[in-house]
A.B. asks: 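To start, I am sharing the structure in question, which I have written as structure tokens.
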Amino acid sequence: MFILYLLLSSCILVYFILNVYIYFERRKYKHFKSPPIPISPKWFLGVLPELANYAKKSDKVIDAFYETYGWDVFVLPIISRNVIYCMDLSVISKVCNDRVTFPKNDLFVNVFSSVAGVRVFGKHGLLVEPGTDLWHAKRRVMEPAFHKTFLRTIMADLNFVTNNLMSQLHEKRAQTFDITEELTKVAFGIHLSLRF
């Protein structure tokens, strides 16, 4: 009987500690708007039941949330995690471009620097480099190539080359071929057309 009492009291204690932990985790993000969480013994699930209801109705769950509540930035508490969603492009641009205020953590760098164990973006690539002076120097070098005015001037050439590639791929759709060879032909075609 004592063991049963001990087991029951330890389960209740663990449940209480879990709820207190979840409460304080959610409290960190209380300044963000959030869908209402029903008061019930399962409150620690957060908005997970509501997400399941939206998933049954629509494939685009977050869009359904946005249409229902109309918030640009909101937090979805799911068990002990708080997932922040942002629909405002100016905020997204600020977070992506400001490396000093919003530095990348090691998890981001580890996840995006390699795919299937192979380094994709390099050790010091523009995407995975933390907000250091090296990143700022690389960004300054790349900015002119992706400026709006420059992209507008080459848009006709880009459309021509894309249509050329699509027509070549359309001609070879029934046969097996090496895609890199076709991309190389188109790339050298661009190079030759720009040189002469």
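One-based numbering along the sequence shown. For clarity, every value in this text was computed on a predicted model and none was experimentally measured.
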A.B. asks: Please lay out, stage by stage, how Tyr85 and Leu76 fare under the test side chain to side chain contact (heavy atoms under 4.5 Å, CB included).
C.D. replies: CA-CA 8 Å; Tyr85 284 94; Leu76 296 178; 3.4 Å; yes
A.B. asks: Taking Tyr23 as the starting point, is it possible to reach Val47 by hopping between hydrophobic residues whose side chains are less than 4.5 Å apart?
C.D. replies: yes
A.B. asks: Is Leu158 reachable from Leu183 through a run of I, L, V, M, F, W or Y residues, each pair having side-chain heavy atoms under 4.5 Å apart?
C.D. replies: no
A.B. asks: Above 12 or not: heavy atoms from other molecules or residues under 6.0 Å from CG of Leu13?
C.D. replies: yes
A.B. asks: Looking at every heavy atom in both Pro77 and Arg26, which two are closest together, and how far apart are they?
C.D. replies: CB-NE, 3.4 Å
A.B. asks: Check the hydrophobic clustering (I, L, V, M, F, W, Y; side-chain heavy atoms under 4.5 Å; chains of links allowed) and say if Leu48 and Tyr29 are grouped together.
C.D. replies: no
A.B. asks: Starting from the C-alpha separation in whole Å, work towards a yes-or-no answer on side chain to side chain contact (heavy atoms under 4.5 Å, CB included) for Phe146 and Met142.
C.D. replies: CA-CA 7 Å; Phe146 294 100; Met142 294 299 290; 3.5 Å; yes
A.B. asks: Can you get from Leu18 to Val20 by hopping between Ile, Leu, Val, Met, Phe, Trp and Tyr side chains that sit under 4.5 Å apart?
C.D. replies: yes
A.B. asks: Just by modelled atom types, is the Glu25 backbone N or O under 3.5 Å from a matching donor or acceptor in the Asn82 side chain?
C.D. replies: yes
A.B. asks: Enter the distance from Phe150:CZ to Met155:CE here, rounded to the nearest 0.5 Å.
C.D. replies: 10.5 Å
A.B. asks: Can you check whether Val75's main-chain N or O pairs, donor with acceptor, with Ser34's side chain at less than 3.5 Å?
C.D. replies: yes
A.B. asks: Does His170, at its NE2 atom, have more than 12 non-hydrogen atoms belonging to other residues, nucleotides or ligands within less than 6.0 Å?
C.D. replies: no
A.B. asks: Find out if a path of hydrophobic residues (ILVMFWY) with successive side-chain heavy-atom gaps under 4.5 Å connects Val161 to Leu151.
C.D. replies: no
A.B. asks: Roughly how far, to the nearest 0.5 Å, is OG of Ser9 from CZ of Phe2?
C.D. replies: 8.0 Å
A.B. asks: Walk me through it: do Val14 and Cys11 pass the test side chain to side chain contact (heavy atoms under 4.5 Å, CB included)?
C.D. replies: CA-CA 5 Å; Val14 167; Cys11 288; 5.8 Å; no
A.B. asks: Rounded to the nearest 0.5 Å, how far apart are CG of Leu45 and CG of Leu51?
C.D. replies: 11.0 Å
A.B. asks: Can you tell me how far the NZ atom of Lys33 sits from the CZ atom of Phe74, to the nearest 0.5 Å?
C.D. replies: 11.5 Å
A.B. asks: Donor-acceptor pair, Asn163 side chain versus Asn159 backbone, under 3.5 Å?
C.D. replies: yes
A.B. asks: Find the distance between OG (Ser90) and CG (Asp72) and round it off to the nearest 0.5 Å.
C.D. replies: 8.0 Å
A.B. asks: Measuring from atom NE2 of His147 to atom OG1 of Thr153, what distance do you get when rounded to the nearest 0.5 angstrom?
C.D. replies: 11.0 Å
